[in-house]
Protein chains: 2
Amino acid sequence: MTALHDIPQVQEAPSLHRRILADITDKIVSGEWPPGHRIPFEYELSAQYGCSRMTVNKALSQLAKAGLIERRRRSGSFVSQPKSQAAILEIHDIKTEVQALGLPYRYKLLGRTMRRATAGDRERLGLAGPSPVIALACRHFAGARPFCHEDRVISLAAVPEAEGEAFQASAPGPWLVDRVPWSVAEHRIRASGADASIAALLDIEAGAPCLVVERRTWSAEAPVTHVRFTYAGDSHMLVARFTP
Amino acid sequence: MTALHDIPQVQEAPSLHRRILADITDKIVSGEWPPGHRIPFEYELSAQYGCSRMTVNKALSQLAKAGLIERRRRSGSFVSQPKSQAAILEIHDIKTEVQALGLPYRYKLLGRTMRRATAGDRERLGLAGPSPVIALACRHFAGARPFCHEDRVISLAAVPEAEGEAFQASAPGPWLVDRVPWSVAEHRIRASGADASIAALLDIEAGAPCLVVERRTWSAEAPVTHVRFTYAGDSHMLVARFTP
DNA sequence: TCGTTCGTTATGTATATACATATTGATGCC
DNA sequence: GGCATCAATATGTATATACATAACGAACGA
């Protein structure tokens, strides 16, 4: 076999294992290799590309990790059955989002309370006992109009520094991201009618459709924060893009 | 250096590069290594773990691909600044979703039209010319109650077989997934008030909040289908989970 | 016929090595 | 001082090799 590092590289940018990966990905998404199809063995591909098995292995391992193929010892590698579809949903900072709309951003704190966790707080955070929390309410503005209402609880056990923070100048979201490393987040997205108080705060009619995004965040098993963002239905849209 | 393949493996399951990856991930998400921190060089880690540089490289490359670290030649590898948050949103089949609620699933076609793409169709699909499309409307039921309304356009250029399909027995979603390989999908999620016809079809009040999920799918640059699912606000919720 | 054993096979992991390449920091020249 | 040059350095990619491991299948014995 010709050792690739012996022959001078003429031009081309992408590395060999990337090329192999791209070729196979292409065959799969084009449908040429349908789900269940057995793709060539590593040694066959290494012969075909004139490279070592390790190089092919690198490409196939990545495909397997991405879920495009499944690998079985002794049997070979197979194109996966299409899984339940998944999409990458980017959750931007609200400030960035507003500025992306070309509007000036403003943030206003509505209230800040410190208390021992109520039953509601415990459920929102997934806390066991009545440990202290900080509850915050605020509004984010796009230009003159209210863009989003934020209702948040922070566990002081996880973020003791929050006790000394007034949250007057900067919104709690960015403040937390900068300060607390987090390991898991869970999002719930639903539509809901604005109740009287939300309607007043967002300057919309009571019962008007709103997009509600809830996020719960943990850091190493310990709950950190639960937040509920409420957007007027016509002001906001989540966009997610997925490439398999 | 002791060659690892010379000494007998005593026990332990996870491979070495996984352990390295897990260790570093842990240091990052725990905050011990904050954003900007320079993580040890490959040769330092290989000395520390008593393994070859290639093994460390495998772990670090994966971390870089996952976006947890950034690698710079000559400088080393650094913990990334937290990016805009992203979450994996799983989009399930509606049938599966309904059955997960423990309710019997039923599907009913409301209408099927074949036509040259109207301006609206072209915008929905991102089509250039007035090529033929099939427009479908249907309802998905959870038990006796309507669960979701589906409004779909399929480009016949991309899926000629759709012309011969009545879509009476099975919903167009699963039918397409089985037949057409797709390369990109884009989702838009928003809240919207039910208009009169949707309200009637979903058996809710006009103006009631609904969750609207739109999906556009391409296969190798060519638009395949655009679909709009409308769920009554209280019947459905999207859940996404993210671990960095 | 039913298991058990065992060899074969393809993938999984790791090593040592080699050379490419981008970038930094120091060197030396004008 | 400013600028081109160059060596050192850390990562990027690839190779050949080695052995482990899971799993299938055939051979074999009760």
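Every chain is numbered from 1 and lettered A, B, ... according to where its sequence line falls, protein lines coming before strand lines. Worth saying up front: this structure is predicted, and the values here are computed from it rather than measured.
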Please evaluate residues B/H187 and B/R215 with respect to the criterion side-chain hydrogen bond (donor to acceptor under 3.5 Å, both in side chains), reporting the C-alpha separation (whole Å), side-chain torsions for both, the decisive distance (0.1 Å), and the verdict. CA-CA 5 Å; B/H187 296 87; B/R215 173 159 59 229; 3.1 Å; yes
Measure from CZ on B/F78 to C1' on C/dT23 and round the result to the nearest Å. 12 Å
Let me spell it out: for each of A/R73 and A/R53, pick the nucleotide of DNA chain D with the closest heavy atom. Which residue's pick is nearer the 5' end? A/R53
So, is B/R72 close to the D/dA10 phosphate, meaning a side-chain N or O under 4.0 Å from OP1 or OP2? no
Could you give the NE2-to-P distance, from A/H17 to D/dT11, as a whole number of Å? 17 Å
Is the phosphate of C/dT13, meaning OP1 or OP2, less than 4.0 Å from a side-chain N or O of B/S15? yes
Would you say B/S75 reaches C/dT23's phosphate, i.e. side-chain N/O to OP1/OP2 under 4.0 Å? no
Students often get this wrong, so: under 4.0 angstrom with heavy atoms, is A/S77 touching a base, only sugar-phosphate, or nothing? sugar-phosphate
Using whole Å, what does the distance between atom C1' of nucleotide C/dT11 and atom CZ of A/R38 come to? 13 Å
So what does B/R18 touch, heavy atoms closer than 4.0 Å: a base, only the sugar-phosphate, or nothing? sugar-phosphate
Tell me, please, whether A/F78 has A/R72 positioned over its six-membered ring: NZ or CZ under 6.0 Å from the ring centre and within 45 degrees of its axis? yes
Between C/dG12 (P) and A/L60 (CG): distance, integer Å: 8 Å
Would you kindly check whether a donor in the side chain of B/R74 faces an acceptor in the base of D/dA8, or vice versa, at under 3.5 angstrom? yes
Nearest-angstrom distance from the residue atom CG of B/L45 to P of C/dA14: 15 Å
Quick check with a 6.0 Å cut-off and a 45 degree axis cone: is A/R19 positioned over the face of A/Y49's six-membered ring? no
Mind listing the closest non-hydrogen atom pair of A/L109 and A/C138 along with its distance? CA-CB, 3.9 Å
Length of the line joining B/N57:CG and C/dC19:P, which is rounded to integer Å: 18 Å
Residue closer to the 5' end of DNA chain D, B/M54 versus B/E42 (nearest nucleotide): B/E42
When the distance from CZ of B/R19 to C1' of C/dT13 is rounded to whole Å, what number comes out? 15 Å
B/S52 side chain: which of D/dT13, C/dA16, D/dA10 is closest? C/dA16
Nucleotide D/dA14, atom C1' - distance to CG of A/L21 in whole Å: 16 Å
Could you give me the CA-CA distance, side-chain angles and deciding distance for A/E150 and A/H140, then say whether side-chain hydrogen bond (donor to acceptor under 3.5 Å, both in side chains) is met? CA-CA 8 Å; A/E150 172 174 348; A/H140 304 263; 2.6 Å; yes
Reckon B/R71 has a side-chain N or O less than 4.0 Å from the OP1 or OP2 of D/dG12? yes
